[in-house]
Amino acid sequence: MKKYTGNYTNEATKALKNSDKIICRTADDGTIYLCNGYFLYKMNPLEYAAVAQAATQCEPGNWIIDKDGKRDEQNFDAVKVFTDAVKAADNGGKLERCPLDLDTGKIPARCYYNAEKDFASFYNNKFMAALRSGVTLRSSGPLTAAVAYDDTEAFAMVLPIKPEEKAARAVKA
């Protein structure tokens, strides 16, 4: 059984630990954004302490951890990236989980279908497993981020995996 802390499962810690880089931004309102280049998780301090701190071994702030170690980093505007993704997703439709998983040979992917816009999307299974169950996912296209919402507020975005044509047709069917 998965353990939940706020909007995240214990799989979020694993996703962070297995990342080649982690960028952290703390907004003026205290919201913490964590990004690895493929996902962006928006956390409150309690979620960060329970889910992310074990992986980062750092207090929240404005930094990056990569192969060169930890250093201050101010160039990534996580708030803007997240806000832009939410605006795009709000203009899209709801993603429904397809019971199929796709083995791309590299990355196991979860499959989703957007009936409103008639497209299939694929997202890294481990990044989607980091989100608690029962969330609403929205996206505006097959190559745009899936944005996860609790009841009304967006709390995460995950970038898609480029779909294979045959797999997209199978999900649509």
Side-chain angles (χ1 to χ4, degrees), residues 1-90 92 95 97 101 104 106-112 121-139 143-161:
M1 175 181 250
K2 289 184 183 174
K3 185 175 129 187
Y4 296 88
T5 302
N7 289 312
Y8 300 95
T9 70
N10 55 353
E11 296 298 317
T13 303
K14 292 177 187 175
L16 287 163
K17 281 184 179 179
N18 293 324
S19 295
D20 291 334
K21 72 176 173 184
I22 302 171
I23 301 170
C24 183
R25 290 288 174 273
T26 302
D28 293 338
D29 66 359
T31 303
I32 303 157
Y33 295 86
L34 289 169
C35 178
N36 78 346
Y38 301 105
F39 64 72
L40 181 63
Y41 298 153
K42 177 181 168 185
M43 297 183 170
N44 62 43
L46 178 65
E47 289 170 327
Y48 182 89
V51 175
Q53 202 148 10
T56 65
Q57 300 293 306
C58 299
E59 294 294 322
N62 296 311
W63 46 258
I64 183 172
I65 297 173
D66 60 14
K67 64 179 175 28
D68 298 325
K70 181 184 172 200
R71 62 188 180 284
D72 288 341
E73 175 66 57
Q74 304 294 329
N75 297 327
F76 180 66
D77 190 348
V79 176
K80 180 178 178 356
V81 170
F82 192 76
T83 302
D84 290 348
V86 170
K87 285 179 187 175
D90 285 344
L95 294 173
R97 177 83 158 91
D101 280 344
T104 65
K106 296 178 185 176
I107 302 168
R110 287 193 185 174
C111 306
Y112 293 87
S121 292
F122 304 89
Y123 301 93
N124 187 313
N125 200 19
K126 69 180 175 181
F127 301 151
M128 299 308 273
L131 309 177
R132 71 169 174 80
S133 62
V135 301
T136 300
L137 296 170
R138 297 183 65 82
S139 180
L143 298 177
T144 61
V147 176
Y149 296 79
D150 56 14
D151 293 329
T152 57
E153 186 177 341
F155 67 89
M157 64 170 265
V158 179
L159 293 178
I161 297 168

Study note, to complete from the structure: Taken to the nearest 0.5 Å, the spacing of D66 CG from I23 CD1 works out to 8.5 Å
Exercise for review: Report yes if the side chains of C24 and T56 come closer than 4.5 Å at any heavy-atom pair, otherwise no.
Suggested key: no
Check your understanding: When rounded to the nearest 0.5 angstrom, what distance separates CG in L159 from OG1 in T144?
Key -> 9.5 Å
Exercise for review: For A145 and S139, work out which heavy atoms get closest and say how close.
Suggested key: O-OG, 3.3 Å
Review point. Ignoring hydrogens and geometry, is there a side-chain-to-backbone donor-acceptor pair from T9 to A129 under 3.5 Å?
Key: yes
Practice item. Please round to the nearest 0.5 Å and tell me the distance separating atom CD1 of I22 and atom SG of C35. Key: 10.0 Å
Check your understanding: Does E59 reach the side chain of Q53, with side-chain heavy atoms less than 4.5 Å apart?
Key -> yes
Revision key, fill the gap. What one should report as the nearest heavy-atom pair of T13 and A55 is O-CB, 3.8 Å
Review point. How about D28: does its CG atom have over 12 heavy atoms from other parts shown lying under 6.0 Å from it?
Key: no
Check your understanding: Between N36 and L16, is a side-chain contact (heavy atoms from CB on, under 4.5 Å) present by the stated rule, with each step listed?
Key -> CA-CA 8 Å; N36 78 346; L16 287 163; 5.7 Å; no
Exercise for review: Mind listing the closest non-hydrogen atom pair of K42 and Y33 along with its distance?
Suggested key: CG-CE2, 3.8 Å
Review point. Taking F155 as the fixed residue, which of L131, V147, T31 is the one that meets the side-chain contact (heavy atoms from CB on, under 4.5 Å) rule?
Key: L131
Check your understanding: Where do N7 and D150 come nearest, in terms of heavy atoms and distance?
Key -> OD1-CB, 3.9 Å
Exercise for review: Applying side-chain contact (heavy atoms from CB on, under 4.5 Å), run through Y123 and L137 and close with a yes or a no.
Suggested key: CA-CA 11 Å; Y123 301 93; L137 296 170; over 6 Å; no
Revision key, fill the gap. Distance col, row S121:OG vs R110:CZ, nearest 0.5 angstrom, shows 14.0 Å
Exercise for review: Return the orientation label for the Y38 and F127 ring planes: parallel under 30°, perpendicular over 60°, tilted otherwise.
Suggested key: parallel
Point to revise | Spacing of CG belonging to D151 relative to CD belonging to E153, to within rounding of 0.5 Å | key: 10.0 Å
Practice item. Measure the shortest side-chain to side-chain distance between N124 and F39 over non-hydrogen atoms and say whether it is less than 4.5 angstrom. Key: no
Exercise for review: Take K126 and I107 through the test side-chain contact (heavy atoms from CB on, under 4.5 Å) and record every step on the way to the result.
Suggested key: CA-CA 9 Å; K126 69 180 175 181; I107 302 168; over 6 Å; no
Check your understanding: Side chains of I64 and F76: closer than 4.5 Å at any heavy-atom pair?
Key -> no
Check your understanding: Checking side-chain contact (heavy atoms from CB on, under 4.5 Å) for the pair K14/K17: CA distance, chi angles, key distance, verdict?
Key -> CA-CA 5 Å; K14 292 177 187 175; K17 281 184 179 179; 5.6 Å; no
Point to revise | W63 side chain near E73 side chain, heavy-atom distance below 4.5 Å | key: no
Review point. Under 4.0 Å between a Lys/Arg side-chain N and an Asp/Glu carboxylate O for D77 and R25?
Key: no
Check your understanding: Quick one: are R138 and V86 in side-chain contact, heavy atoms under 4.5 Å?
Key -> no
Check your understanding: Quick one: are Y41 and I32 in side-chain contact, heavy atoms under 4.5 Å?
Key -> no
Point to revise | Enclosure of D68 CG (heavy-atom neighbours >12, cutoff 6.0 Å) | key: yes
Point to revise | Any donor-acceptor pair under 3.5 Å from E47 side chain to Y8 backbone | key: no
Check your understanding: Okay, side chain of N10, backbone of A12: is any donor-acceptor separation there less than 3.5 Å?
Key -> no
Exercise for review: Might you point out which heavy atoms bring C58 and I65 nearest each other, and give the distance in Å?
Suggested key: SG-CD1, 3.8 Å
Practice item. Would you indicate whether the side-chain heavy atoms of M157 and V81 approach each other to under 4.5 Å? Key: yes
